[in-house]
Peer 1: 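The structure's right below; bear with me while I get my questions together.
Both counts, for ligands and for their atoms, begin at 1 and track the order of listing.
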Amino acid sequence: MLTQIILIPSTSTKKFVLLYSKALIMHITKDMKMADAIHRNYLLLPVINRLGIQLGFQDKTIEKVCAENDLDTEFFLTIINAFMDTDDSFSERLQAHSVRDVVSYLLKTHTYYLERIIPEIENRINLLIQHSQLTKEEFILVKNFFEEYKKELYSHISLEEEQVYPYMVEIAEAYRKKSLSTELLDKINHYPISSYQKEHSDIEAKLFDLKNILIKYLTTPNDSYLRNRVLMELFTLEQDLSDHARIENMVLVPQIIEMETALLALKK
Ligand SMILES: [Fe+2]
Ligand SMILES: [Fe+2]
């Protein structure tokens, strides 16, 4: 990955400091080797797994691996490029794919959080608690904070899986058929998708606070290894969650708002 490095003089020390600006990201293309995509950004590993691709792809290109796994190459490229780049053009390109496909990818990321990442972080926090000389108050603070975060994430995910995603798929289906039932009209009037838009901010804030407790407020450890491991997991989760929420807020919500408006116009 190319990185732009800016050298500026530090006024206090007269030394030069390096500032890394936003990485200049090279987009991943269908002719690139799948292995090279991973070398470029290892955080793509779980993203690729969720899309149904497992390791062991030798020197095959992305296009070949996608074909062998019966996966739409364009969809694959849009998802992984959107993950690596916050450029809105990838959000727009995702809108070209069906709401059902995007929702199905998001459901897999939920499973990954619930079955892999959260238990992993929980194990690491338990190890940290066992092997660090935390005071009783610190122990309770970390434990409670993590439990609260977990509760909030679980309830957010169940709201999406039980109500928001099925609603999105229903709207997309009605839009495709250009037909609006009385029940769906009632849902649009009472719980339009705009009412869900603000949902993510609390979860992001709680995760940020949890990281800050570990970074700023606990007794200085003799050995920082275990604490660093927990923090690295939390930073990785944060990046994954922010990509996930971006797809929900920037890809699906605007798309569903447009469909709701078009469906309401049918009744005028
Ligand atoms: Fe979600
Ligand atoms: Fe969400």
Peer 1: Salt bridge (charged side-chain N to carboxylate O under 4.0 Å, His left out) between Lys64 and Asp59: does it pass, once the steps are laid out?
Peer 2: CA-CA 10 Å; Lys64 180 130 177 54; Asp59 272 333; over 6 Å; no
Peer 1: Suppose we only allow N, O or S atoms; which atom of Glu248 ends up nearest to the Fe ion (ligand 1)?
Peer 2: OE2
Peer 1: Has His156 got an N, O or S atom lying less than 2.8 Å from the Fe ion (ligand 1)?
Peer 2: no
Peer 1: Using a 6.0 Å cut-off, check whether atom NZ of Lys33 has over 12 heavy atoms from anything other than its own residue.
Peer 2: no
Peer 1: May I ask you to check whether over 12 heavy atoms, not counting those of Glu258, lie within 6.0 Å of atom CD?
Peer 2: no
Peer 1: Provide the atom name of the closest N, O or S atom of Glu160 relative to the Fe ion (ligand 1).
Peer 2: OE1
Peer 1: Check for me whether Lys178 meets the cation-pi criterion with Tyr175, that is, NZ or CZ under 6.0 Å from the six-membered ring centre and within 45 degrees of the ring axis.
Peer 2: yes
